[in-house]
A.B. asks: 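Take a look at the following structure, please.
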Amino acid sequence: MSFSMDMFELKGKVALVTGAVYGIGFEIAKGLAAAGATIVFNDRHEEGVKKGIENYKEIGIKAYGFVFDITDEAAVEAGVKKIEDEVGVIDILVNNAGIIKRIPMLEMTAEDFRQVVDIDLNGQFIMSKAVLPSMIKKGHGKIINICSMMSELGRETVAGYAAAKGGLKMLTKNICSEFGEANIQCNGIGPGYIATPQTAPLRELQEDGSKHPFDQFIISKTPAARWGEPEDLAGSAVFLASDASNFVNGHILYVDGGILAYIGKQP
Ligand code: NAP
Ligand code: GCO
């Protein structure tokens, strides 16, 4: 297929973005909608789904919301079946939902660790497994896993999150390996430090009005010298969801303002 801008077009495609009521998922969904996709999202609670539908309506997007928890295999299978019946076969899955627990490793319980891995890794496996059969039948599909700096780097307090996001990078490569022949592309986006509710505690102002030390630390570690905004991720998501990336598979696209390229400020 020779190149044309139409390759970025998502008209007629159904995109499911998990946990996309706000934050990164919401901005990615906005980007996919701007490229023409029909947006479907989920939340664990009915109120979240209602809030999400309102959030999308406010910006002129008719989105379809469904209640299910990505860690509950039976609920996910029922949710995906409902989406297929009521909206259509899912062409694009963005595995965005996730949590973090910031606890020093020696204080982290096995249950804390398990919960993070369950939502940030097992949940992505369960979601992918649920959408793959119809993608295979339809003859194409795109799965985009939201990875992290912690797919490559470690830091104090995030043992569960780093283990899960490192695992998600390898799950991405494995889905690519196992389903590439079925014309399914599975890639990851690795956001840098993005200003969302998840990272709000790292940006809180100090009592004296000065910046949080972690806030300053991240700006000094980022060649772009700023936090990312959720909308910084939308262009990459559209690319990886579209025919423009049909020969890109098993790749993690880091959208990090240059963090992974940089050794840090010289003293
Ligand atoms: P966020 O603001 O905390 O939003 C996370 C979303 O996931 C929420 O809508 C949350 O719903 C949903 N969720 C959590 N557990 C779920 C479950 N079991 N089933 C269904 N939905 C669930 O996070 P964010 O910063 O936008 O992050 C989105 C993704 O990007 C996450 O995977 C995160 O790890 C990743 N990421 C974030 C950053 C960053 O700097 N912010 C950087 C790299 C990667 P509730 O409201 O119901 O909890
Ligand atoms: C943390 C952060 C990160 C980011 C992100 C980086 O505590 O270090 O929350 O893990 O959210 O995933 O890419």
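Residues take their numbers from the sequence shown, with the count starting at 1. Just the heavy atoms: all of them, side chains too, but no hydrogens, waters or symmetry mates, feed the values below. Just so you know, ligand 1 is whichever comes first in the structure, and atom 1 is the first atom listed for that ligand.
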A.B. asks: Would you say Ser148 and ligand 1 have an N/O pair spaced under 3.5 Å apart?
C.D. replies: no
A.B. asks: Within a distance under 4.0 Å of any heavy atom of Thr199, pick out the atoms of ligand 2 and give their elements.
C.D. replies: 9 (O), 11 (O)
A.B. asks: Judging by distance only, is a nitrogen or oxygen of Asn42 under 3.5 angstrom from one on ligand 1?
C.D. replies: no
A.B. asks: Ignoring angles and geometry beyond distance, decide whether Thr199 reaches within less than 3.5 Å of ligand 1 through its nitrogen or oxygen atoms.
C.D. replies: no
A.B. asks: Quick one: which ligand 2 atoms are inside 4.0 Å of a heavy atom on Tyr161?
C.D. replies: 5 (C), 10 (O), 11 (O), 12 (O)
A.B. asks: What atoms of ligand 2 come within less than 4.0 Å of a heavy atom belonging to Arg155?
C.D. replies: 1 (C), 7 (O), 8 (O)
A.B. asks: Could you say whether the N/O atoms of Asp120 and ligand 1 ever approach to under 3.5 Å?
C.D. replies: no
A.B. asks: Looking only at distance, does Val21 have an N or O less than 3.5 Å from an N or O of ligand 1?
C.D. replies: no
A.B. asks: Considering only non-hydrogen protein atoms, determine which one is nearest to atom 34 (O) of ligand 1 and report residue, atom name and distance to 0.1 Å.
C.D. replies: Tyr161 OH, 2.6 Å
A.B. asks: With a cutoff of 4.0 Å, is Leu202 in contact with ligand 2, counting heavy atoms of the residue only?
C.D. replies: yes
A.B. asks: Compute the shortest N/O to N/O distance between Ile194 and ligand 1 and return yes if it is under 3.5 Å, no if not.
C.D. replies: yes
A.B. asks: Which atoms of ligand 2 are found less than 4.0 Å from any heavy atom of Arg102?
C.D. replies: 1 (C), 2 (C), 7 (O), 9 (O)
A.B. asks: What I want to know is whether Tyr193 and ligand 1 share at least one N or O pair that is separated by under 3.5 angstrom.
C.D. replies: no
A.B. asks: Could you list the atoms of ligand 2 found under 4.0 angstrom from a heavy atom of Gln198?
C.D. replies: 4 (C), 9 (O), 11 (O)
A.B. asks: Using a 4.0 Å heavy-atom threshold (strictly under), name the region of Ile70 that reaches ligand 1: side chain, backbone, both or neither.
C.D. replies: both
A.B. asks: If I apply the N/O under 3.5 Å rule, does His45 come out as touching ligand 1?
C.D. replies: no
